[in-house]
Amino acid sequence: RRISTVADRCGVRAYLVGGVIRDRILGRPTKDVDITVIGNGIDFAKEIARSFRLKKVLEFPKFGTAMVPYHDLVIEVATARSEEYDSGSRKPRVRSADLQADLVRRDFTINSLAMSLNADSFFELEDHLGGLKDLDAGIIRTPLDPVTTFSEDPLRMLRAVRFATQLGFQIEDRTFRAISAVK
């Protein structure tokens, strides 16, 4: 609720995104909280830190992200963004974007859920890519073409296997085939 107040005071749209929502729905503990902001993620992280009277904010300006350590949690704040990768590089070119573009670039549909933190729509869930359906069915699927998704960031293949193993989920056929196809 405090972060919601900060978002409204700063005049930005802010959303919980990714694993924190997935883990809450599955009843799993969460050690990190990811927030996407339609606005400047680093400035918003600094405002969160001020609100909690924290002095430490780790900034990553190239990616528009910042981390705010808070007790045993890490609050990661990111500017809503799109990414473009050059072949052979895991370091993307980053541009500000809207929420939809930010969610599409995520690794799996189960991590593409967003919940509003603003008072006018507090905790309203956004699920444009079928993440809830895949959570219910126990499916690991990429939001975009899996070959593209894995070519941009090969670590996502390992994440697919890790999530399938940890959560007892199945990797969707097209996604599974792409794991062995990416070179």
Side-chain angles (χ1 to χ4, degrees), residues 1-7 10 12-83 90-92 94 96-97 99 101-118 122-129 131-132 134-135 140-143 149 152-169:
R1 293 216 178 260
R2 185 180 292 179
I3 294 172
S4 173
T5 302
V6 172
C10 292
V12 299
R13 301 304 298 178
Y15 301 88
L16 286 174
V17 293
V20 65
I21 298 171
R22 178 200 66 231
D23 289 344
R24 288 297 188 162
I25 289 170
L26 295 175
R28 294 169 45 97
T30 302
K31 291 184 180 180
D32 61 333
V33 175
D34 291 335
I35 298 172
T36 292
V37 177
I38 311 301
N40 187 307
I42 294 172
D43 289 347
F44 189 66
K46 291 176 184 176
E47 291 298 323
I48 290 171
R50 271 190 211 85
S51 174
F52 285 93
R53 296 188 174 139
L54 303 171
K55 295 182 182 189
K56 189 174 186 180
V57 176
L58 305 170
E59 299 178 33
F60 306 94
K62 183 175 180 181
F63 302 104
T65 63
M67 292 172 53
V68 181
Y70 180 69
H71 299 292
D72 58 345
L73 280 178
V74 173
I75 302 169
E76 185 171 338
V77 182
T79 302
R81 63 193 191 264
S82 64
E83 299 175 343
R90 286 196 53 239
K91 296 184 180 177
V94 176
S96 295
L99 180 64
D102 187 84
L103 296 176
V104 165
R105 72 168 182 78
R106 296 189 177 270
D107 54 2
F108 307 110
T109 58
I110 62 171
N111 293 332
S112 67
L113 301 166
M115 273 187 168
S116 174
L117 290 175
N118 296 91
F122 192 65
F123 274 12
E124 283 183 16
L125 184 67
E126 304 241 3
D127 180 17
H128 303 281
L129 301 164
L132 281 177
D134 286 347
L135 268 176
I140 305 293
R141 176 191 329 267
T142 60
T149 297
E152 289 175 349
D153 185 351
L155 287 178
R156 290 173 170 168
M157 293 183 279
L158 295 175
R159 287 174 55 88
V161 173
R162 180 177 59 120
F163 283 134
T165 302
Q166 287 177 338
L167 302 175
F169 283 20

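Being a predicted model, the structure only gives us computed values, none of them experimental.
Annotation: side chain of Leu54 is in contact with side chain of Val68 (closest heavy-atom distance under 4.5 Å). In this structure, Tyr15 and Arg13 have side chains that are in contact, with non-hydrogen atoms separated by less than 4.5 Å. Residues Phe122 and Ser4 meet the side-chain proximity criterion, which asks for heavy atoms closer than 4.5 Å. Within the 4.5 Å cutoff, no side-chain heavy atoms of Arg105 are placed close to those of Glu152. Looking at Leu113 and Ile25, their side chains come closer than 4.5 Å, going by heavy atoms from C-beta outward. Proximity of Phe163 to Arg22: side-chain heavy atoms (C-beta onward) are separated by under 4.5 Å at one or more points. Residues Leu73 and Val33 form a side-chain contact, since some pair of their non-hydrogen atoms from C-beta on lies under 4.5 Å apart. Side chains of Ile35 and Ile75 form a contact here, defined as non-hydrogen atoms less than 4.5 Å apart.
Here the CG atom belonging to Leu155 is positioned 10.0 Å from the CZ atom belonging to Arg162, to the nearest 0.5 angstrom. The CG atom of Asp34 sits 5.0 Å away from atom CD of Glu76, with the distance rounded to the nearest 0.5 Å. Note: Asp32 CG to Asp23 CG = 8.0 Å, rounded to the nearest 0.5 Å. Put simply, CG on Leu117 and CZ on Arg2 are 14.0 Å apart, with the number rounded to the nearest 0.5 Å. In this structure, Ile140 CD1 and Arg156 CZ are separated by 13.5 Å, a value rounded to the nearest 0.5 Å.
Side chain of Thr65 to backbone of Val77: no donor-acceptor contact under 3.5 angstrom is found. Put simply, the side chain of Asp72 never gets that close to the backbone of Lys31: no donor and acceptor are under 3.5 Å apart. A side-chain donor-acceptor contact under 3.5 Å links Ser116 to the backbone of Asn118.
What you find for Ala66 and Phe60 is that their closest heavy atoms are CA-CD1, 4.4 Å. The minimum heavy-atom distance linking Gly64 with Ile42 is given by the pair C-CG1, 4.1 Å. Of all heavy-atom pairs spanning Val17 and Ala114, the tightest one is CG1-CB, 3.9 Å. Of all the heavy atoms in Glu59 and Lys46, the pair that sits closest is OE2-CE, 3.0 Å. Between Thr79 and Gly41 the shortest heavy-atom distance is OG1-N, 2.8 Å.
For Tyr70, the ring-ring contact (aromatic ring centres under 6.0 Å, His included) partners two or more places apart in sequence, or in a different chain, are Phe52.
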Ile110 vs Phe169, side-chain contact (heavy atoms from CB on, under 4.5 Å): CA-CA, chis, key distance, verdict: CA-CA 11 Å; Ile110 62 171; Phe169 283 20; 4.3 Å; yes
How far apart are the C-alpha atoms of Ile38 and Val12, what are their side-chain angles, what is the distance that settles it, and do they pass the side-chain contact (heavy atoms from CB on, under 4.5 Å) test? CA-CA 6 Å; Ile38 311 301; Val12 299; 5.9 Å; no
Would you sort out whether Val37 and Asp43 count as a side-chain contact (heavy atoms from CB on, under 4.5 Å), showing the intermediate values? CA-CA 10 Å; Val37 177; Asp43 289 347; over 6 Å; no
May I have the step-by-step check of side-chain contact (heavy atoms from CB on, under 4.5 Å) for Leu129 and Leu103, ending in yes or no? CA-CA 8 Å; Leu129 301 164; Leu103 296 176; 4.3 Å; yes
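The 12-atom threshold is not exceeded at CZ of Arg24, counting heavy atoms of other residues, nucleotides or ligands nearer than 6.0 Å.
Residue Leu16 forms a side-chain contact (heavy atoms from CB on, under 4.5 Å) with just one option from Ile3, Leu125, Ile21, and that option is Ile21.
Legend: salt bridge (Lys or Arg N to Asp or Glu O under 4.0 Å) pairs involving residues 106-118, not counting sequence neighbours, sorted by first then second residue: Asp102-Arg106, Asp107-Arg159. The side chain to side chain donor-acceptor pair (under 3.5 Å) pairs that include a residue from residues 48-57 are Glu47-Arg50, where partners are two or more places apart or lie in different chains.
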